[in-house]
2 protein chains.
Amino acid sequence: MKKVAKKKAEPDSSTEDKIKEAARRVFIKKGYSATRTRDIAEEAGINLALLNYYFRSKEKLFDLIMFEKVQKLFGVLGKVANNPDTSLTEKIESIASLYVDLLLVNPDLPIFVLSELRARPEHFEKLVQKTNILKNSVLLAQLQEKRPDVNPLQFIPTILGIAVFPFIMRPILQPSVGMSDKQFTTMMVERKTLVPIWIKAILKAK
Amino acid sequence: MKKVAKKKAEPDSSTEDKIKEAARRVFIKKGYSATRTRDIAEEAGINLALLNYYFRSKEKLFDLIMFEKVQKLFGVLGKVANNPDTSLTEKIESIASLYVDLLLVNPDLPIFVLSELRARPEHFEKLVQKTNILKNSVLLAQLQEKRPDVNPLQFIPTILGIAVFPFIMRPILQPSVGMSDKQFTTMMVERKTLVPIWIKAILKAK
DNA sequence: GTCTATAAGGGGATAGAC
DNA sequence: GTCTATCCCCTTATAGAC
């Protein structure tokens, strides 16, 4: 049985992993500035000093998590948008379905990434440029071909917004109409069929 | 000539107003936790002690700003959604146009409000409940009537997302396709005509 | 009302024992 | 590798002079 590259694969995870997982939870919940390293240590069930032993600093640990999360959030889009073997319709269906699935498991992902990006854009310059997924993408070309009369960039936030925005406005939507977590989830699952229908309608609309 | 309740109305604003305006800028840019009262004082061109003299504490000042911003962001929706004298189509056109206009002037408003709401939801419980604009709104009833086969709540984040989401993903969109501020603005102005067309298409789509 | 100086405490990071 | 104790800077808030 082949061993993976990771140092450990025990049932109870290593200290390093415990800290990382705690950091994921706390950073995502509170953002960089509101998070105290002490919160992470407590959440991980370890001592504060160990955090610095393994990760040197709060910022280094954050960068690690953030990099992961950016990849998670934009990886989906990147892979789909640059696949030359799928039609526009197929791409849209993939994006809708994959994002709803992703966000049902990681509901705070978009608001976390986008608000940290907003608060300290200079900190992420390299990271954002590397996320150069859209420019020259197959998706943009296909949109251009389908609707030469509309700037294809108009469609990007539209498509993503329809899929992602419910999760972003969840903290205001849910309490303001008295919706349970379960109801929200049900609604989002139902949404997976609605989104592609809507987007196709948008692409035809004049 | 009647004097208003406010203490001052001079051309150069009062110290209190200078602090408030500085606070708006800094809080919106960096969020509550990353903001230092020193930043606000410096931005306002006054001494740190004056901030506490006028507003008692950082948190009290923040609450003031936040309350304003929540009203700004949801006031639009509230007024439109509960107007019994306009058709569904008119409502949608209003929302699209008003939100794009609002966000062109206040681009960071949604990400600010939504990320602070996310980071400290318990802090805003009352504020959110008070924002009970949607439940039992005319807008929801009209959506229900138009499309009895779809949960009307599905349409809310869709409509708002199409109008608002471009501003939320702006920090990633703009650098990733190399778009200038001017180009972004142009695109958003152009968008004011697209959004109602798209939403009408969505409402018909099966 | 506005300033300087400072108190009081929080939070990131490390020294050093085990 | 993991802990306790501690350093030290930064930040909020206030005291008190003007």
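Proteins come first, then strands; the chains are lettered A, B, ... in the order of their sequence lines, and each starts at number 1.
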task: Side chain of L50(B) only, please: which of dC3(C), dC3(D), dA13(D) is the nearest?
output: dC3(C)
- request: Using a heavy-atom cut-off of under 4.0 Å over every strand shown, decide if L51(A) touches base, sugar-phosphate, or nothing.
  value: nothing
message: Please report the distance, rounded to the nearest Å, between CG in N52(A) and P in dA5(D).
response: 18 Å
task: Flag yes if more than 12 heavy atoms outside E190(B) fall under 6.0 Å of its CD atom; otherwise flag no.
output: yes
Only pairs under 3.5 Å count here: list side-chain donor-acceptor contacts from residues 110-118 of chain B, not counting sequence neighbours, and write none if there are none.
residue : atom : partner : partner atom : Å
S115(B) : OG   : I111(B) : O            : 2.7
S115(B) : OG   : F112(B) : O            : 3.3
E116(B) : OE2  : Y32(B)  : N            : 2.8
R118(B) : NE   : D108(A) : OD1          : 2.9
R118(B) : NE   : D108(A) : OD2          : 3.2
R118(B) : NH2  : D108(A) : OD2          : 2.7

- line: The nucleotide from dT14(C), dC3(C), dG12(C) with an atom nearest the side chain of R56(A) is dT14(C)
- line: Between CZ of F55(B) and P of dT14(D) the distance, given in whole Å, is 15 Å
Interatomic distance, K18(A) NZ vs dC3(D) C1' [rounded to whole Å]: 14 Å
task: Kindly say whether V100(B) contributes a backbone atom to a donor-acceptor pair with the side chain of R191(B) at under 3.5 angstrom?
output: no
- request: Mind checking the CG-CG spacing from N82(A) to N136(A)? Nearest 0.5 Å is all I need.
  value: 9.0 Å
- prompt: Which nucleotide in the list dT14(C), dT2(C), dT2(D) gets nearest to the side chain of Y53(A)?
  reply: dT2(D)
task: Taking atom CZ of R56(B) as the centre, report whether more than 12 heavy atoms of other residues, nucleotides or ligands fall under 6.0 Å from it.
output: no
Gap between atoms CG and P, on L48(A) and dA5(D) respectively (whole Å): 14 Å
field: Over 12 foreign heavy atoms within 6.0 Å of NZ, K200(A)
entry: yes
- request: Choose from dT14(D), dT14(C), dC3(C) the nucleotide whose nearest atom is closest to any side-chain atom of N47(B).
  value: dC3(C)
- line: Note: contacts of residues 24-44 of chain A with DNA chain D (heavy atom, under 4.0 Å) are none
field: Rounded distance (Å) that lies between atom P of dG10(C) and atom NZ of K58(A)
entry: 16 Å
Out of dC3(D), dT2(C), dA13(C), whichever nucleotide has its closest atom nearest the side chain of A49(A): dC3(D)
- prompt: Atom CZ of F62(B) and atom C1' of dA13(D): how far apart are they, to the nearest Å?
  reply: 19 Å
- prompt: So, is S57(A) near the phosphate of dG12(C), with a side-chain N or O under 4.0 Å from OP1 or OP2?
  reply: no
query: Considering only heavy atoms from C-beta outward, does the side chain of V195(A) approach that of I92(A) to under 4.5 Å?
result: no
